[in-house]
Amino acid sequence: MTDSVKFDNELPAKRESRVKRFFKVLALMRESPVGMIGLLIILFWVVMAILAPFLPLYDPNAIMAPFQKIGAHAPDGGTFWLGTDHKGRDILSRIIWGAQKVLVWATFATFVAYVVGMMMGVLAGYKGGWADEIVSFIANIFLSFPFIILCIIIVATLGASGWTVVVAVTFASAPQIMRIVRGLVLDLKTRDYIFAAQTRGETPWYIMLVELLPNARGPLIVDACLRLGYTVVAIATLGFLGLGLPPPDPDWGLMLKEAVPLGAFAGHTMYLPAAALASLILGFNLLADGLREISLRD
Amino acid sequence: MIVLAAKRLVAMLLIMLVVSFILFSLFEADKMAVAGKVLGPYSSVEQREIWLSQNGYNEPFFTRYTQWIGGALHGNFGDSLQYKVPVSELLTDRLKNTGILALVFFLIMIPLSLTLGVLAGMKEGSWMDRVISVFSVLTTSIPEFVTATFLTGLFVYTWHLLPGTSSMTGGFSWKEMILPVAVLVIYDFGYVTRMTRASMAEVMTSQYIRTAVLKGLPYKRVIMRHALRNALIAPFTVIVLQLNWLLSGLVVVEVFFAYKGFGYLLVDAALFGDIYVIEACVMVAVFVAVFSQFISDIGYTLLNPRIRFS
Amino acid sequence: MSSTTAITPVLECKNVNISYYTRSGEVPAVIDFNLTLMPGESIGIVGESGCGKSTVALAIMNYMGKNGRVKSGQILFNGRDLQKMGDEELRRIRGSQISMVYQEPMASLNPSMKIGEQLIEVPLYHENVSEAEAAQRAKDMLAAVRLPDPQRIMDSYPHQISGGQQQRVVIAMALLSKPALLLLDEPTTALDVTVEAGIVQLIKDISKQFGTSMIYISHNLGLILETCDRITVMYSGEAVETGSVQTVFNEMRHPYTRGLFASIPLPGSNKNSRPLVPIRGQLPLPQNRPQGCYFGPRCDFFQAGRCDSKTGVHMQLVPNEERHDVRCVRFAEIDWANHRPVGLSGEQAEIGKVVLEVNHMKKYYTLKDSSMMALIKGKKVQYVKANEDINLIAHEAETVAIVGESGCGKSTFAKVLMGLEEATSGEVKLNSVDISQLPVEQRKAQMVSLLQMVFQNPFDTLNPSHTVGSQIARVIKKFGIEQDPDKINQRVMELLDLVKLPRDFARRRPRQLSGGQKQRIGIARAFAGRPALVVADEPVSALDVSVQAAVTGLLTDIQRNLKTTLLFISHDLSVVRYVSDRIVVMYLGRIMEQGTTDEIFNPPYHPYTEALLSAIPIADTSVKKRHIVLEGELPSPVNPPSGCPFQTRCPRKVGALCETQMPPLQQTETGHAILCHIPLSELSKVEQVIQVDAA
């Protein structure tokens with residue numbers, strides 16, 4: 001009479017620890033070679049960034065012999081594995097320390113942008129009406145600035161520093177995140193489980209945070225990954241334009257700016273930071289692609 | 001339809017107004033700083049105050065704002081601090097150059113990316129799709145100045161085929177256009193291609209394409225008449241909105257190749273603190289961005305009968 | 001299957017096996033499928049979701065997508081193997097000799113092409129005709145499928161016409177080059193009941209008029225009975241029984257077919273005395289099909305050693321019957337005459353005090369009209385009268401059904417009750433407290449817990465991010481039933497027992513549950529706060545037939561035991577007849593008729609109720625129905641007709657009176673109320689719509 005007799009075709013119901021789930025996601029990644037390559041590239045740079053203080057590197061700002069070739073001997077008997085730049089600073093060291101800097105600031109800036117954008121998006125999407133109109137209008141104002149131009153204005157008013165980058169990225173990205181979240185929420189809020197929550201008198205904040213947001217995480221993870229890439233580009237671009245993190249600390253964009261005019265006789269000084277930058281951004285894009293592919297499968 | 005256009009137009013003007021206000025407050029609310037920028041960091045307080053009263057800066061903030069807006073509407077943004085000529089003169093010249101660059105870029109990018117996108121999306125998972133998709137991810141992943149670096153390295157430093165700067169000091173030169181346009185196309189075509197591909201692929205799995213195939217129509221007709229029309233609606237919007245992106249790209253490319261365009265002017269002004277030029281450039285950029293949004297909204301409605309007739 | 005005639009069948013499937021190839025391996029979708037369709041014949045393929053019926057249709061069209069393939073066997077069209085044809089040859093046959101009608105008409109038409117162009121294409125690419133000739137044919141065909149004003153339809157885009165009209169266009173498109181074979185894949189599932197009736201009538205007429213052979217795919221046995229000569233019942237990828245409609249409906253041999261019939265509400269079944277009997281267990285996933293008979297684990301007649309043999313079970317001809325095959329090793333032994341399956345029966349609980357009382361409730365939505373015309377005329381605000389003058393009473397332990405088609409206002413009514421919308425005027429009293437103006441946030445927890453809801457769509461009734469247990473626990477905590485975590489847990493377990501699910505389901509996530517199980521959790525959640533009134537909004541319409549029976553049974557059983565009032569919102573009159581004590585019929589926001597179930601199903605009828613009753617497909621050969629097909633389209637609630645809302649489609653329209661005046665509410669002493677100008681005495685003379693043969 002009841003259909004509770006046999007459920008042999010159902011998945012076993014087990015609680016998984018977070019660690020286990022992380023490995024399961026890793027295992028899933030294996031199914032997308034593209035995503036796996038992206039992940040490996042990112043992991044490489046993350047490990048480099050973490051290990052930077054412990055590696056036997058020259059001080060990135062120490063001025064030694066200029067324009068040394070790749071693998072040249074250093075005056076103190078060591079080796080400039082990737083040569084030195086026009087001021088005689090060790091390129092390997094500058095690239096690794098630069099990686100740390102760009103990763104830290106990009107992650108932080110993206111995180112802040114996400115917090116702001118998500119709040120705005122959930123509010124606009126769930127509340128609708130006036131809240132939506134106001135939030136959307138504010139977002140539209142910031143979206144009407146081309147990204148770099150918004151950054152330029154902010155840097156021009158606040159001066160160049162890491163914090164300025166965070167502010168610029170927040171202003172530029174939060175509205176875009178808001179739009180994505182708003183769209184997701186508009187779709188999710190017509191689901192019956194949201195009605196169920198409403199009909200048992202849950203507060204709007206509970207519904208937004210507990211019932212809505214967890215279901216929007218899939219597309220948001222993919223977007224966050226892409227956005228980290230964009231933020232890296234933005235930081236490097238600002239550096240390249242001379243508006244980014246202030247010298248002399250190593251910054252990939254700035255390294256490029258300084259190296260390009262001299263590229264005719266010291267190609268490696270410009271190719272190396274360019275390659276580092278391209279690989280990291282490619283890593284984020286490939287990982288995002290892989291994640292999207294996997295999320296579409298189930 | 002007309003109501004929609006009117007509504008969008010009003011929204012557009014409103015945004016321009018708010019942007020102009022934000023801009024003005026950011027750069028000119030503190031008048032002492034303005035005077036400092038104009039007269040240089042070593043000017044005395046007295047000098048600055050004299051300058052302020054001479055130039056009408058002692059009026060209330062809102063009066064100054066309305067005057068500024070009034071001037072801006074007539075194309076009067078004051079004189080550049082760096083070049084000592086009217087900003088409008090400077091800007092028209094630079095905008096013309098940027099316009100040429102953008103036009104050449106679009107003429108190459110649009111046909112290229114639409115064709116590639118449609119070819120890839122027609123048969124999802126085919127080898128053509130894979131090649132195009134991978135290629136477009138690779139190129140969009142590399143920012144403009146990195147592509148520019150590699151291209152310069154190869155074509156300028158190694159092979160000595162092309163000039164490394166595009167300042168056009170000897171008059172207009174196609175040779176100097178090649179690298180800037182190539183960099184922009186390489187960076188931007190991937191995005192449009194991917195959007196077109198996604199849109200095409202979605203249309204190809206739709207039920208009305210199934211209907212068309214099972215009606216016994218030739219494959220060519222299914223693609224040309226049934227799929228393309230629907231698949232190209234989304235890329236159209238993307239291409240128009242691309243203008244917004246392109247402005248960012250233009251800034252970088254113009255600076256890299258010293259191309260005397262609007263983006264170069266803006267960065268130059270930002271580094272110099274030439275506030276009147278910054279204000280003018282940003283207003284123009286925002287206008288272009290907002291206007292392209294307007295065009296894309298209207299175009300989307302016109303292309304989509306489902307919205308057009310409701 | 002030996003055919004003695006010399007005529008070649010239009011379509012013949014011989015031992016067809018179809019598989020999908022996914023990353024996790026081969027998934028057999030259709031196994032050992034045989035079918036013979038003679039010219040002019042129509043075959044219905046019936047089965048629950050995932051049984052492979054649509055795959056068969058797509059295989060016939062040779063349109064399987066990237067990963068589907070006919071693995072073995074032949075599909076012969078007029079004696080020629082469709083699998084062996086080249087692309088060009090296939091193209092010539094598709095649309096001209098075999099054509100198809102789809103489930104969702106809106107999605108099947110190209111949104112950015114005018115209907116005329118989409119129709120003209122067919123003759124243009126299949127026959128050598130001029131464009132003018134093609135256009136003329138298209139117009140004639142539109143008239144033949146009884147679409148008014150063909151020229152206007154030709155010039156329209158698909159979204160500009162209604163769903164019923166769209167489906168007529170798709171049918172016209174399919175018939176344009178006079179195909180030999182027409183495939184219909186659930187052609188009426190997306191449509192309203194009265195619109196469905198019109199399409200079904202059209203399909204029947206077509207087969208007569210054009211002599212087209214048809215394959216009609218549906219989950220609804222009643223529709224197959226109305227439209228087809230023969231039937232094939234499918235289960236988990238296999239055909240389990242095939243024969244003429246008369247034999248299969250009257251003398252079904254396969255236990256699954258039996259089970260299917262026992263689980264659909266037919267006239268004569270009753271929730272208390274003659275309850276439906278659901279099929280136990282659930283459909284196996286293709287990867288988990290058992291050895292031998294796929295129905296084995298769910299079958300009452302399963303015999304180890306025979307039903308689970310390694311060689312599988314094959315189709316066998318029923319002796320002494322013509323073209324009736326059954327896939328069951330024991331079909332000859334089963335004594336159906338003495339088989340009495342038992343459902344979940346029980347005593348009708350005593351109807352108690354009034355729980356819900358609605359008086360003159362109105363709900364208007366304002367609609368801002370921003371068109372140019374409205375701006376000029378200064379009429380910027382329009383009202384949508386979603387609910388107009390709603391009066392009803394529901395007692396303790398009573399089931400009141402609200403029936404109506406889309407746009408009739410039944411969902412709005414539910415929203416007002418639940419406090420998601422406020423009534424424009426009138427009273428809604430729950431246990432004598434007026435809640436019509438009280439949004440849910442302002443209601444006290446105790447009040448909220450009294451009034452709960454079961455939702456329609458099992459796939460989003462539960463939040464996919466949280467476990468089943470935590471979702472039920474939240475309700476218990478929220479309503480203050482229990483505070484102590486252990487007690488809450490205890491209560492969650494009791495509720496799982498109540499809906500007959502194993503206790504370890506508490507730890508599962510919704511995606512690990514089947515549709516029926518999710519719906520059970522939805523019921524558990526609704527009953528967690530010990531409600532006095534439960535609103536069930538189409539609780540079973542998205543479920544498969546056999547699961548429907550189980551969920552309906554469960555709902556009525558819990559209601560009986562807890563003496564809950566149930567407000568059952570549905571469009572399906574057969575389910576409604578089965579579960580409800582009283583019925584309210586709504587049309588365009590108004591109550592057209594209300595009364596006890598007997599009163600609704602017997603004269604006097606409101607003309608709309610009459611049409612609605614006639615539109616229910618009934619899977620019983622002994623039932624005779626009067627056919628009433630409504631003309632015209634369902635009006636939009638934004639622009640309701642003047643006078644009586646039903647006057648535009650009413651077959652019994654009296655005259656100008658109906659167009660100008662709102663009809664009076666005629667009421668009998670027992671409370672049977674009809675909103676109509678025609679006097680009750682006259683309406684009483686109308687013949688019964690559904691008659692069951694005494695034999």
Side-chain angles (χ1 to χ4, degrees), chain B residues 1-11 121-127 129-130 199-236 299-310, chain C residues 57-58 60-63 65-67 87-114 117-127 156-160 169-170 173-174 176-177 179 183 185 369-376:
Chain B
M1 181 60 222
I2 301 164
V3 177
L4 180 93
K7 265 188 191 163
R8 296 282 168 184
L9 210 62
V10 170
M122 237 160 63
K123 275 213 173 106
E124 229 185 324
S126 64
W127 66 267
D129 176 25
R130 276 161 211 268
S199 171
M200 186 71 185
E202 192 191 318
V203 166
M204 287 311 286
T205 55
S206 73
Q207 295 193 25
Y208 58 83
I209 291 299
R210 181 177 73 183
T211 310
V213 172
L214 296 186
K215 245 190 227 178
L217 298 180
Y219 191 62
K220 208 174 128 201
R221 166 99 182 162
V222 173
I223 296 289
M224 301 303 284
R225 191 68 194 84
H226 285 262
L228 276 187
R229 171 88 193 252
N230 292 295
L232 290 183
I233 296 176
F236 164 79
Y300 184 76
T301 325
L302 283 178
L303 285 175
N304 205 334
R306 233 182 303 188
I307 302 177
R308 197 176 354 147
F309 293 105
S310 58
Chain C
L58 291 174
I60 293 170
M61 292 307 264
N62 207 344
Y63 190 81
K66 268 185 304 204
N67 50 6
D87 284 349
E88 179 57 22
E89 207 175 351
L90 207 56
R91 181 190 74 72
R92 272 182 230 267
I93 285 185
R94 284 172 177 169
S96 72
Q97 298 189 50
I98 310 179
S99 49
M100 187 156 174
V101 175
Y102 315 87
Q103 179 166 358
E104 282 166 56
M106 178 70 183
S108 306
L109 292 168
N110 190 331
S112 65
M113 267 168 90
K114 284 186 177 165
E117 195 184 345
Q118 302 191 46
L119 286 169
I120 291 170
E121 278 182 333
V122 178
L124 226 45
Y125 281 90
H126 284 299
E127 291 158 75
S156 308
Y157 286 97
H159 69 276
Q160 294 172 308
V169 168
V170 175
M173 195 186 288
L176 259 174
S177 36
L183 299 174
D185 187 2
D369 187 352
S370 54
S371 72
M372 239 8 196
M373 281 313 281
L375 276 177
I376 294 163

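Lettering follows sequence order; numbering is per chain, from 1.
Heavy-atom pairs under 4.5 Å with chain B peak, among C:Pro179, C:Pro111, C:Ser177, at C:Pro111.
Here B:Leu214 contributes atom CG and C:Tyr63 contributes atom OH; the two are 6.5 Å apart, rounded to the nearest 0.5 Å.
More than 12 heavy atoms of other residues, nucleotides or ligands sit less than 6.0 Å from atom CD of C:Gln97.
Contact annotation for C:Leu90: neither backbone nor side-chain heavy atoms come within less than 4.5 Å of a heavy atom of chain B. No part of C:Glu88 comes within reach of chain B, as not one of its non-hydrogen atoms sits under 4.5 angstrom from that chain. Of the two parts of C:Ser112, the backbone and the side chain both hold a non-hydrogen atom closer than 4.5 Å to a non-hydrogen atom of chain B.
Residues satisfying the side-chain hydrogen bond (donor to acceptor under 3.5 Å, both in side chains) test with C:Arg94, not counting sequence neighbours, are none. For C:Met113, the side chain to side chain contact (heavy atoms under 4.5 Å, CB included) partners at least two apart in sequence or on another chain are B:Arg221, B:Arg225, B:His226, C:Asn110, C:Glu117, C:Gln118, C:Glu121.
Looking at C:Met61 and B:Val213, their side chains never come closer than 4.5 Å, going by heavy atoms from C-beta outward.
The minimum heavy-atom distance linking C:Ser108 with B:Gln207 is given by the pair OG-OE1, 3.6 Å.
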